[in-house]
Amino acid sequence: MRVAVVGGGPGGLYAAALLKRLDPTREITLWERNAPQDTFGFGVVLSDETLGGIEHADPVVHQALQRDFVRWDDIDIVHRGVRHTSGGHGFAALGRRRLLEILHERCRSLGVDLRFHTEAPYPAWLAEAYDLVIAADGVHSTTREAYGDAFRPLLTPHRCRYIWLAADFAFDAFRFEIAETEHGVMQLHGYPYSRPSPDHHPSTRPSGPQNQSGASTVIVEMREEVWRAHGFDTIDERESVERCAKIFADALGGRPLMSNNSTWTTFRTVVNERWSHGNVVLLGDAAHTAHFSIGSGTKLAVEDALALAACLTEQPSLEKALSAYEAERRPVVASTQRAARASLEWFENLGLYLDQPPRRFAFNLLTRSRRVTHDNLRLRDAHFTEAVEREFGCPPGTPPMFTPFRMRGLTLRNRVVVSPMDMYSATDGLPGDFHLVHLGARALGGAGLVMTEMVCVSPEGRITPGCTGLYTAKQADAWRRITDFVHTRAPGTAIGVQLGHSGRKGSTKLMWEGMDEPLPDGNWPLLAASPLPYKPDSQTPRQLSRAQLTDLREQFTAAAWRAARAGFDLLELHCAHGYLLSGFLSPLTNRRTDAYGGSLAKRLRFPLEVFDAVRGVWPAERPMTVRISATDWAEGGTSADDAVEIARAFAAHGVDAIDVSTGQVVADEAPEFGRSYQTPFADRIRHETGVPVIAVGAISSWDDVNSLILAGRTDLCALARPHLYDPNWTLHAAAEQGYTGPAADWPAPYRAGSRPPRTGRTDEPKPRLTLMS
C-alpha cells in the first residue's frame, strides 16, 4: 500500500508512524510545507486515556513522551484578586516542538519518507497516485476544500479573539486569570509544559511565578469588541505581546511574554458531513475542531490516528476501513465538540458571571463544559466542593438539588420538577384514572413540583382528541380530584398546571399513531397567528381576527379561574413549541402586518395580553411561569438574543420564572441535541434578566441537577423522560446520595423501600487463603 500523508502536525506524523509500524511494507510519504522545527504554538496537553492508547499502540513513542511530560493536579482560578484552587484534576503537558521531534524521530526510524519545506501535490494527483491519502492539513485544509462537495464542511466562526503566547517560567497549576478592563473582560489560560528546576516546589503554592525555570503556554482571549476597543486590531505582534503582559502582570509576576509568529485568531468550529471520499480521508483539525479551552485538539488528532490505523488493520478493504473509522470516531468527536462548544460559549459570555460569589464563580468555570460535574468534582476535591456548597447555602449533608426554592407564597422543598408531558389519554378533555395514577405516582416520587401536561383552554385548542382540557366545570372537578390526592397523600409536593392552545399544530393523531400527522377524519378547524400549515400535509389554519383574539384571551382567563378553583399551586402559560402563543412570538410563524406582527415588541403583544389577563384572575399568592422556545433552531427564527428580550418582557409583567425550552416551532428545525443541550439558554436568560429560570432538555442525572444549580445556571431543573422511566426518580436520587432530609421524605407506606433491596447471596464465606500450586 502506498500512503500519502498531507500535513506534518502530531496527527499526521503519528498516523504515518503507526501505519508503518503495523506494516513495514507500506510506502508512506508525508509532506509538510514548513521546516521541521517550525511550530505555531507552545505546549500541548494529552489525557491519560490518550496516553494509554499510545502506550498500547507504540511503547517507543509513549516512553519518549513520558520522559518529557510535566504533570500537574491543580487548577487555579483568579478573579478580582482572589485565587481559588481545585485539586485532583491531573493533566500531562509537553512542548509542542518536543512532541514533533519525538514523532519525527519515530517516523524516520521506521522508514517514513518525511518531506519538509515541500507543498503536497494537488489532492487529485495524490488520490490517483496513492492507495490512501490522509488529509491532516489542519483547519484550513486544502484537501478538504478540493473535495468540498463531497466532505460538505461547515465552518462556524465565534465571537472571541485569542493569541497563543508563552512565559519563560512554569505556572504551578493550570491557571485561569480574569482581567476586568475599562473596555471589558479578558481571560488568561495558562499551563506549564516544561519542567522547572529541581528546587522548584509547587506544594508551597506562593501567589506569583516560581523559580524562574521551565515554560508555560499562555493564551489571552477576549470578545471581538473588547479586542477592538483596546486597539489590538491596529498594533503589531510585539506591541500586542507587551500589552498582554502588562494587563496580566500579576499572573506573570511582571515577566514578559514570548511569541512565535503569534497572531490574533478567531476560533472556528469545523464539522464535516463526511470524513472520507474515495481513498481520501480527513484526520484531526481537517475533519473537526474543538475549542482550546478543553485542551482537545492534539488529543483528538492522535486518537484519530490510532483509530484509523486500527481500522485499516482490522477491516478487509479500504472502503470498509474508512467507514469503520468514521463510525468509531464521529460519536466521540461529536461529544467532545458539544463540550467544547459549551466551554467556548461560557468564555464568550464570561461577563455574565463576574458578580457571582467567588467560589461559585470558580465552580461554574470548572463545570462549564458539563464534563466535570458536581459529583466528579467532589471526588477530585471534596474540600473545595464542600466550600462551594456552604457558600451556596447547603446545610451539611444536603446536595444542592435538595435545597428549597421560593416563588411568591409557594416554597418548593427541592429543585426537581416533573416536566409537562402530554399523555394523550383523556376523553373529551376529561382527565381520568390514568392521570390520577400518572401524576399521583410522580408526586409520591418526591419531586418538588409536578406539572400537568398542556391543558387546553378549548376543544379546538387540543393537539389531539386525547388531550386534557379546562374548558368545562366537569373537567375542573376531575382535576380537583388529582390535586387533592397530591396535597393529601404527597404533602410537600406542589402541583402545577400548564395552560395552552395548540394553534396550527392541532387536530392531529395521538403521538404513537403518528406524531403531528393530521387526523384522517373528525378534524376541527385550526386558528393561528398566520395562515401557515405546520407541515406540507397539515391543515392550514385561519388567521386570528381581532374578535377571535379577544375570545381566546377570555378562554385562557376562564381556564385559569377553573385551575385556581381546582387547587393548583402554580400556573404555567405555554408559549413554546409552536403552539398558539408561541406562534405569535416567532417571526417564522407570525407574518401579520397589524399591531400583533412585525417587530418583536409587536409579536409579544398578544402573549403578554394573555399573561396579564390570566395573572388578573390567578390568585396573587400563587406563582406564574411561562414556557418559551429560546431558539427555533432554524434560520430567521427566534434567536437567543430574542429569548432574552422575551424573558425580560414577561419579567416586566410579573412572571415568577421562565421555563426555558427550545424548538418544535417549525418542522424543518435542526436542533443541536446533546446532554443538557438547552441549559445554556436558561443560563443566559437568568444572568441577563435576573428572572429565575427552569432548565429543561436532556437533563437525566441527579449529578447534572446538582451541577447546574450549584453553578448558578438555573434555579430549577425539569425532567421528563427520567420520570417516565422511574416515577420515584427524586427519592432514588436522595437514596443514592445518602440524603434523608425533609426535601425528599419518603411517604410513610413506602419507607420500607427507601433502601435498595439486596441482590444475590451474602452468606458465602470469604476466601481466607490462597494456595499455591
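Position 1 is the first residue of the sequence; numbering continues from there.
A donor-acceptor contact closer than 3.5 angstrom is absent between the side chains of Thr679 and Arg713. Glu389 and His374 share a side-chain donor-acceptor pair at under 3.5 Å. Between Trp164 and Thr217, the side chains place no donor N or O within less than 3.5 Å of an acceptor N or O (distance only, hydrogens not considered). Using modelled atom types and a 3.5 Å distance limit, the side chains of His62 and Asp58 yield no donor-acceptor pair. Judged purely by distance below 3.5 Å, without hydrogens or angles, the side chains of Thr85 and Asp74 never pair a donor atom with an acceptor atom. Under 3.5 Å, the side chains of His183 and Thr181 contain no donor-acceptor pair of N or O atoms.
Residues Ala16 and Ile28 share a closest heavy-atom pair of O-CD1, 3.5 Å. Minimum heavy-atom separation, Asp68 to Ala64: OD2-O, 3.4 Å. The two residues Ala643 and Thr638 have their closest heavy-atom pair at N-CG2, 4.4 Å.
With rounding to the nearest 0.5 Å, the separation of CG in Leu114 from CG in Leu103 is 10.0 Å. To the nearest 0.5 angstrom, Asp304 atom CG is 9.5 Å from Asp285 atom CG. With rounding to the nearest 0.5 Å, the separation of OG in Ser86 from CD1 in Ile77 is 7.0 Å. In this structure, the separation between OG1 on Thr263 and OH on Tyr162 is 8.5 Å, given to the nearest 0.5 Å.
Arg115 and Glu32 are not joined by a salt bridge, as no carboxylate oxygen comes within less than 4.0 angstrom of a charged side-chain nitrogen. Salt bridge absent: Arg370 and Asp703 never bring a charged side-chain N and a carboxylate O closer than 4.0 Å.
The distance between the ring centers of Phe347 and His189 falls below 6.0 angstrom.
Annotation: side-chain contact (heavy atoms from CB on, under 4.5 Å) contacts of Ala682 (sequence neighbours excluded): Val660, Val693, Ala695. For Glu224, the salt bridge (charged side-chain N to carboxylate O under 4.0 Å, His left out) partners two or more places apart in sequence, or in a different chain, are Arg161, Arg228.
Not one N or O on the side chain of Glu221 forms a donor-acceptor pair closer than 3.5 Å with the backbone of Gln187. Listed for the Tyr193 side chain is no donor-acceptor partner under 3.5 Å among the backbone atoms of Ala170.
The aromatic rings of Phe267 and His291 stand perpendicular to each other, their planes meeting at an angle above 60°, with 30° marking the opposite boundary. Classified by interplanar angle (parallel below 30°, tilted 30° to 60°, perpendicular above 60°), the ring pair His230/Phe232 is tilted.
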Output, in order, the C-alpha distance, side-chain angles, deciding distance and verdict of ring pair (Phe, Tyr, Trp, His ring centres under 6.0 Å) for Trp346 and Phe176.
CA-CA 13 Å; Trp346 193 92; Phe176 294 101; 8.6 Å; no
Quick one, Tyr353 with His687, criterion ring pair (Phe, Tyr, Trp, His ring centres under 6.0 Å). Give me CA distance, side-chain angles, the key distance, then yes/no.
CA-CA 7 Å; Tyr353 312 114; His687 283 91; 4.8 Å; yes
Show the numbers, then the answer: is there a side-chain hydrogen bond (donor to acceptor under 3.5 Å, both in side chains) between Ser639 and Asp642?
CA-CA 5 Å; Ser639 67; Asp642 292 335; 3.3 Å; yes
For Ser343 and Arg368: C-alpha separation, side-chain torsions, deciding distance, then whether side-chain hydrogen bond (donor to acceptor under 3.5 Å, both in side chains) applies.
CA-CA 5 Å; Ser343 179; Arg368 67 195 181 279; 2.8 Å; yes
Report the C-alpha separation of Arg98 and Ser194 in whole Å, then their side-chain angles, then the decisive distance to 0.1 Å, and conclude whether the side-chain hydrogen bond (donor to acceptor under 3.5 Å, both in side chains) test is met.
CA-CA 10 Å; Arg98 178 57 187 147; Ser194 178; over 6 Å; no
Under the criterion side-chain hydrogen bond (donor to acceptor under 3.5 Å, both in side chains), I'd like the reasoning laid out for His158 against Thr269: C-alpha separation, chi angles, the key distance, then a yes or no.
CA-CA 8 Å; His158 298 285; Thr269 297; 2.7 Å; yes
